[in-house]
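What follows is a single structure, written as structure tokens, with notes after it.
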Amino acid sequence: MSKIEEVKGLVETGKSKKIAEAVQGALDEGVKAGDILEAMVASMGVVGEKFSAGEIFVPEMLIAAKSMAKGVEVLKPLLAGDASTSLGTCIIGTVAGDLHDIGKNRVSMMIESAGFTMVDLGVDVPDERFVEAIKETDNVTLVALSGLLTTTMPSLKSAVETIKASGLTGFKVLVGGAPVTPEFAAEIGADGYAPDAGSAAVKAKELVS
Ligand code: B1M
């Protein structure tokens, strides 16, 4: 079995203790960091399908996510670029009621590599916490909000509304996450939408330029 197949299997079965070694093995075999990341994302897709089909349950999703996070740790130094320009600070978080952070972390890494300083508020972030963080942080040019559940789409809406109603200015608001559409983003008053991590970095730059 190739190392990349081993990595995929370890994500799908949630074997977090062995994954760092397998990811390093794939790198040693010459597989690019970005390709390993894509393979792990595809495996999370398999995990999601199994969950939808009732073949696995929340604990299995959780250990798969933990396994992927350990694998990403190995890749992180290779994926984060060293942008020499500074585009200001981006505050990022997953909105209230939502605990998904793998996609948010990936988006954060990509936006950082585009030249932003990142302040990550984590998951399940109350609307007001975004406002506090904007007030506490120098040179905020972007606020990035992630939401993965159809049930937390209203949290995206209220977060955008709370941030805009604060009267604070000088930054743009970017939203994304699997259930989010460009139409929804426009409807809730976000300044931008991106479907994935790569395009989030491109959009982030575009919004602040
Ligand atoms: Co949950 N979960 N989960 N889950 N989970 C999904 C999202 C789901 C699609 C699974 C399924 O049913 N097939 C489903 C949502 C259905 C829906 O709402 N339509 C679901 C559900 C139902 C739930 C629970 C409700 C289950 C339950 O308790 N009964 C529960 C909710 C908990 C909560 O949040 N309150 C729950 C819990 C969990 C775990 C905690 C166990 C775990 C998360 C652990 C963690 O993140 N640390 C988990 C996981 C792992 C998943 C799946 C399997 C994988 C998510 C993931 O990491 N994908 C997921 C199924 C799936 O995605 N196929 C699923 C990989 C990641 C790289 O992709 O997150 O989409 P993604 O991020 C992408 C884009 O969305 C985008 O770019 C990213 C990178 O390209 N993006 C942005 C994300 N944020 C962005 C921000 C941007 C721009 C782009 O700008 C700011």
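Atoms within each ligand, like the ligands themselves, are counted from 1 in listed order. On a predicted model such as this, the values are computed, not experimentally measured, just so you know.
- Counting non-hydrogen atoms of neighbouring residues, nucleotides and ligands closer than 6.0 angstrom, the NZ atom of Lys164 exceeds 12 such neighbours.
- Once rounded to the nearest 0.5 Å, the distance linking CD1 of Ile4 with CG of Leu27 reads 8.5 Å.
- The shortest N/O to N/O separation between Ser146 and ligand 1 falls below 3.5 Å.
- Protein heavy atom closest to atom 34 (O) of ligand 1, with residue, atom name and distance, is Leu99 N, 2.6 Å.
- Here the CE-CE distance, from Met40 to Met68, works out to 5.0 Å after rounding to the nearest 0.5 Å.
- If you check each of Ala204, Ala194, Cys90, Gly176 against atom 86 (C) of ligand 1, the one with the closest non-hydrogen atom is Gly176.
- If you look at Ile102 next to ligand 1, the close heavy atoms, those under 4.0 Å, come from the backbone and the side chain alike.
- Regarding atom 65 (C) of ligand 1, its nearest protein heavy-atom neighbour is Met44 CB, 4.1 Å.
- Annotation: the span from Lys76 atom NZ to Leu78 atom CG amounts to 12.5 Å, rounded to 0.5 Å.
- Closest protein heavy atom to atom 21 (C) of ligand 1: Leu149 CD2, 3.6 Å.
- Judged by distance alone, with hydrogens and angles left aside, the side-chain atoms of Thr181 form a donor-acceptor pair with the main-chain N or O of Phe184 at under 3.5 Å.
- For Gly147, no nitrogen or oxygen atom sits less than 3.5 Å from a nitrogen or oxygen atom of ligand 1, counting backbone and side chain alike.
- With ligand atoms numbered from 1 in the order given, ligand 1 contributes 79 (C), 80 (O) to contacts under 4.0 Å with heavy atoms of Arg106.
- Taking atom 13 (N) of ligand 1 as the reference point, the nearest protein heavy-atom neighbour is Ser52 OG, 2.6 Å.
- When distances from atom 8 (C) of ligand 1 to the protein are checked, no heavy atom turns up under 4.0 Å.
- For atom 10 (C) of ligand 1, the closest heavy atom belonging to the protein is Phe51 CD2, 3.8 Å.
- For the pair Ile19 and Val7, the minimum side-chain heavy-atom distance is below 4.5 Å.
- Under a 4.0 Å N-O distance rule, the pair Lys157/Glu161 qualifies as a salt bridge.
- Around atom 40 (C) of ligand 1, the closest heavy atom drawn from Ile92, Leu142, Val95, Leu62 belongs to Leu62.
- For His100, the N, O or S atom closest to atom 1 (Co) of ligand 1 goes by the atom name NE2.
- In Val123, neither the side chain nor the backbone holds a heavy atom less than 4.0 Å from any atom of ligand 1.
- No more than 12 heavy atoms of other residues, nucleotides or ligands lie within 6.0 Å of CD in Glu21, so this atom counts as exposed by the packing criterion.
- Atom 16 (C) of ligand 1 lies below 4.0 Å from none of the non-hydrogen atoms of the protein.
- Proximity to Asp98 (heavy-atom distance under 4.0 Å) selects the following atoms of ligand 1: 34 (O).
- Atom NZ of Lys172 is separated from atom OG of Ser209 by 9.5 Å, given to the nearest 0.5 angstrom.
- Distance screen at 4.0 Å: atom 24 (C) of ligand 1 has no protein heavy-atom neighbour inside the cut-off.
- Regarding atom 18 (O) of ligand 1, its nearest protein heavy-atom neighbour is Thr150 N, 2.9 Å.
- Inspection of the Asp127 and Ser158 side chains reveals an N or O donor paired with an N or O acceptor under 3.5 Å.
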Original post:
Hey, mind stepping through Asp98 and His100 against side chain to side chain contact (heavy atoms under 4.5 Å, CB included) and telling me if it holds?
Top reply: CA-CA 6 Å; Asp98 201 323; His100 296 85; 2.8 Å; yes
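- At least one N/O-N/O distance between Asp101 and ligand 1 falls below 3.5 Å.
- Checked for salt-bridge contact, Glu73 and Lys70 miss the test: no charged N lies under 4.0 Å from a carboxylate O.
- Two residues are said to be in side-chain contact when any heavy atoms from C-beta on lie closer than 4.5 Å; Phe51 and Val58 meet this criterion.
- Distances below 4.0 Å separate heavy atoms of Ala144 from the following atoms of ligand 1: 91 (C).
- The distance criterion of under 3.5 Å between nitrogen or oxygen atoms is not met by Met61 with respect to ligand 1.
- Considering Ile91, Leu142, Ile111 as possible partners of Met118, the one that fulfils the side-chain contact (heavy atoms from CB on, under 4.5 Å) test is Ile111.
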Original post:
Could you go step by step and tell me if Glu132 and Lys135 meet the salt bridge (charged side-chain N to carboxylate O under 4.0 Å, His left out) rule?
Top reply: CA-CA 5 Å; Glu132 281 168 20; Lys135 285 184 187 159; over 6 Å; no
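- Using a 4.0 Å heavy-atom cutoff, Pro179 is absent from the residues neighbouring ligand 1.
- Among all non-hydrogen protein atoms, the one lying nearest atom 80 (O) of ligand 1 is Ala197 N, 3.2 Å.
- In this structure, atom 62 (O) of ligand 1 is not in close contact with the protein, since no protein heavy atom lies within 4.0 Å of it.
- Under 4.0 Å from ligand 1, not a single heavy atom of Thr152 appears.
- In this structure, atom 60 (C) of ligand 1 lies nearest to the protein heavy atom Gly48 CA, 3.6 Å.
- More than 12 heavy atoms of other residues, nucleotides or ligands sit less than 6.0 Å from atom CG of Asp28.
- Here CD1 of Ile163 is found 10.0 Å from CG of Asp191. Values are rounded to the nearest 0.5 Å.
- Ranked by closest heavy atom to atom 27 (C) of ligand 1, the top entry among Val58, Asn105, Val46 is Val58.
- With hydrogens and angles left out, the side-chain atoms of Asp196 and Ser199 include a donor and acceptor closer than 3.5 Å.
- Of the N or O atoms in Val41, none lie within a sub-3.5 Å distance of an N or O in ligand 1.
- Atoms of ligand 1 lying under 4.0 Å from at least one heavy atom of Gly97, given by number and element, are 33 (C), 34 (O), 35 (N).
- In terms of polar-atom proximity, defined here as any N/O pair under 3.5 Å, Glu49 makes no such contact with ligand 1.
- At a heavy-atom cutoff of 4.0 Å, ligand 1 is contacted by the backbone of Pro195 but not by its side chain.
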